[in-house]
Amino acid sequence: MSVNQSDKALGVALEAIKLDPNLSSAYILKGKALAAQGNTKEAISAYTQALTLNKDSGEALLGLTMDIKTARQASELIKLADKVDTKQSSIANKISLYYSYANCYHKVKNHKNAELNLRKAHQTKGSVMPSDAEWHCKQIKDYMRIPYIFKSQNHSKDHRRIFIVGMPRSGSTLLETVLSTNPEIQDLGETKALGLAIDAWLNKSGESSSLDAFYQQALNTNQANLAKYTIDKQLYNFIYINWITTQMPAAKIIHCCRNPIDNILSMYRSNLTAGNNYTSNLED
């Protein structure tokens with residue numbers, strides 16, 4: 001969740017709580033938004049309230065396990081997880097519960113049970129969200145090559161664009177948060193604008209407009225047009241790296257990376273959203 005998205009999510013959560021103070025899911029959304037903003041203490045408070053309202057909420061438990069300080073705290077959370085009624089649980093709730101167990105067992109150094117629950121989480125997740133590795137590979141293959149006709153067309157000299165690319169769990173959110181403290185920077189979040197702009201440009205090959213013009217149109221926000229700099233943190237924009245360098249050469253590209261094994265483990269231990277389904281399979 002980007003800085004911009006977290007602000008909006010927090011606003012929605014607070015409005016929902018006003019309408020229904022007993023809505024567990026609203027406190028979970030509040031916790032997620034606060035966590036994205038780095039306000040861990042308040043996030044934990046929100047997740048605790050959500051669990052108080054719904055003791056069977058695996059998602060609330062998962063939120064609480066994201067910041068376990070001690071082994072004793074992890075043991076207490078395991079006891080709470082043991083009380084969850086899984087008979088009526090949705091698949092999503094079960095997945096969250098397995099991740100919660102994995103985080104807790106990891107903290108108490110019971111790595112066998114941590115691994116077991118991670119396997120359960122990914123097996124369950126894979127049953128409803130199959131790996132999308134092949135789709136990602138096809139996207140890379142399709143877009144890494146730029147049609148020759150476009151290589152010499154209108155290059156944008158706009159210096160405002162900053163693209164953060166890389167893999168999930170590579171430190172990009174922290175970087176985005178730091179950069180967004182600059183009032184001259186507009187945080188666009190994880191927008192799909194660049195991919196949409198490229199497709200629109202390809203479909204209108206006779207157009208004299210630059211790719212950046214199509215990109216601005218796809219962003220559909222005046223703020224991005226007025227800002228001195230913009231940050232696009234759609235990590236998978238690395239697929240379009242050749243388009244950026246040839247058609248938007250004045251843009252800045254920041255590649256976030258970490259040790260591949262650390263990155264794989266971090267992705268595997270995280271309950272990532274749709275679009276990252278390959279992370280449930282270590283080989284993928």
Side-chain angles (χ1 to χ4, degrees), residues 1-9 12 29 32-33 36 129-147 150 154 156 158 160-177 179-180 185-205 207 209-227 229-257 267 270-280 284:
M1 186 183 295
S2 70
V3 177
N4 193 33
Q5 290 170 327
S6 66
D7 288 338
K8 292 179 180 178
V12 170
L29 179 59
K32 288 180 178 179
M129 297 170 62
S131 175
D132 51 5
E134 288 187 10
W135 181 85
H136 279 288
C137 289
K138 185 179 184 303
Q139 290 290 101
I140 293 169
K141 183 178 179 181
D142 289 346
Y143 285 99
M144 285 300 281
R145 293 184 63 189
I146 304 175
F150 294 108
N154 306 309
S156 171
D158 197 328
R160 292 179 300 162
R161 308 305 186 192
I162 302 172
F163 295 95
I164 298 177
V165 302
M167 294 296 286
R169 308 297 301 171
S170 61
S172 59
T173 300
L174 176 60
L175 172 62
E176 177 191 31
T177 302
L179 292 177
S180 295
I185 292 178
Q186 171 67 30
D187 176 25
L188 303 175
E190 297 183 25
T191 174
K192 296 181 179 179
L194 184 58
L196 293 173
I198 291 171
D199 287 343
W201 201 39
L202 287 170
N203 290 330
K204 298 180 180 179
S205 56
E207 286 274 350
S209 301
S210 67
L211 176 59
D212 189 77
F214 280 90
Y215 177 66
Q216 178 61 46
Q217 187 176 358
L219 287 173
N220 195 26
T221 170
N222 289 327
Q223 284 182 303
N225 198 31
L226 297 173
Y229 300 101
T230 63
I231 295 178
D232 185 330
K233 198 188 81 86
Q234 174 52 256
L235 295 175
Y236 294 124
N237 276 340
F238 73 79
I239 292 171
Y240 312 120
I241 207 82
N242 287 342
W243 293 86
I244 299 173
T245 56
T246 59
Q247 303 304 321
M248 304 165 74
K252 312 294 188 299
I253 301 171
I254 304 175
H255 176 208
C256 283
C257 57
M267 287 190 289
S270 302
N271 186 13
L272 297 179
T273 56
N276 304 291
N277 301 1
Y278 65 89
T279 60
S280 287
D284 286 348

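Keep in mind that the numbers below use all heavy atoms, side chains included, and drop hydrogens, waters and symmetry copies.
- Within the model, atoms OG of S172 and CG of L179 stand 11.0 Å from one another, a figure rounded to the nearest 0.5 Å.
- Taking 4.5 Å as the limit, some side-chain heavy atom of I140 sits within range of a side-chain heavy atom of F238.
- Between D232 and R161 there is no salt bridge, since no side-chain N of the basic residue sits under 4.0 Å from a carboxylate O of the acidic one.
- Here D142 contributes atom CG and C137 contributes atom SG; the two are 11.0 Å apart, rounded to the nearest 0.5 Å.
- The shortest distance between side-chain heavy atoms of M167 and H255 does not fall below 4.5 Å.
- Contact of the M267 side chain with the L272 side chain is registered, since non-hydrogen atoms from C-beta on lie closer than 4.5 Å.
- Applying the side-chain hydrogen bond (donor to acceptor under 3.5 Å, both in side chains) rule to S131 yields the partners D284; only residues at least two apart in sequence or on another chain are considered.
- No side-chain heavy atom of L235 sits under 4.5 Å from any side-chain heavy atom of E190.
- R160 and T230 are not linked by any side-chain donor-acceptor pair at a separation below 3.5 angstrom, with hydrogens and angles left out of the test.
- Atom CZ of F214 is separated from atom CG of L196 by 12.5 Å, given to the nearest 0.5 angstrom.
- When the options L175, T173, N237 are evaluated for a side chain to side chain contact (heavy atoms under 4.5 Å, CB included) with I164, the one that passes is L175.
- With N276 contributing its side chain and T273 its backbone, the two residues share a donor-acceptor pair below 3.5 Å.
- The distance from the CG atom of L211 to the OG1 atom of T246 is 8.0 Å, given to the nearest 0.5 Å.
- Annotation: side chain of W243 is not in contact with side chain of M248 (no heavy-atom distance under 4.5 Å).
- When atom types are taken as modelled, the side chain of D132 and the backbone of Y278 share a donor-acceptor pair closer than 3.5 angstrom.
- The side-chain heavy atoms of F163 and Y240, taken from C-beta on, include no pair separated by under 4.5 Å.
- Side-chain contact between L188 and K233 is absent, with no heavy atoms from C-beta onward closer than 4.5 Å.
- Counting non-hydrogen atoms of other residues, nucleotides and ligands closer than 6.0 Å to NZ of K252 gives a total above 12.
- The structure places CD of Q247 at 11.0 Å from CG of L194, a figure rounded to the nearest 0.5 Å.
- Y236 and Y143 have their aromatic ring centers separated by at least 6.0 angstrom.
- Between H136 and G275, the shortest heavy-atom distance links the atoms NE2-O, 2.9 Å.
- The backbone N or O of A193 lies less than 3.5 Å from a partner atom in the side chain of T191, making a donor-acceptor pair.
- For N277, the side-chain hydrogen bond (donor to acceptor under 3.5 Å, both in side chains) criterion is met by no residue, not counting sequence neighbours.
- Contact check for L29 versus V12: side-chain heavy atoms found under the 4.5 Å cut-off.
- Heavy-atom minimum distance, G189 versus E176: CA-OE2, 4.0 Å.
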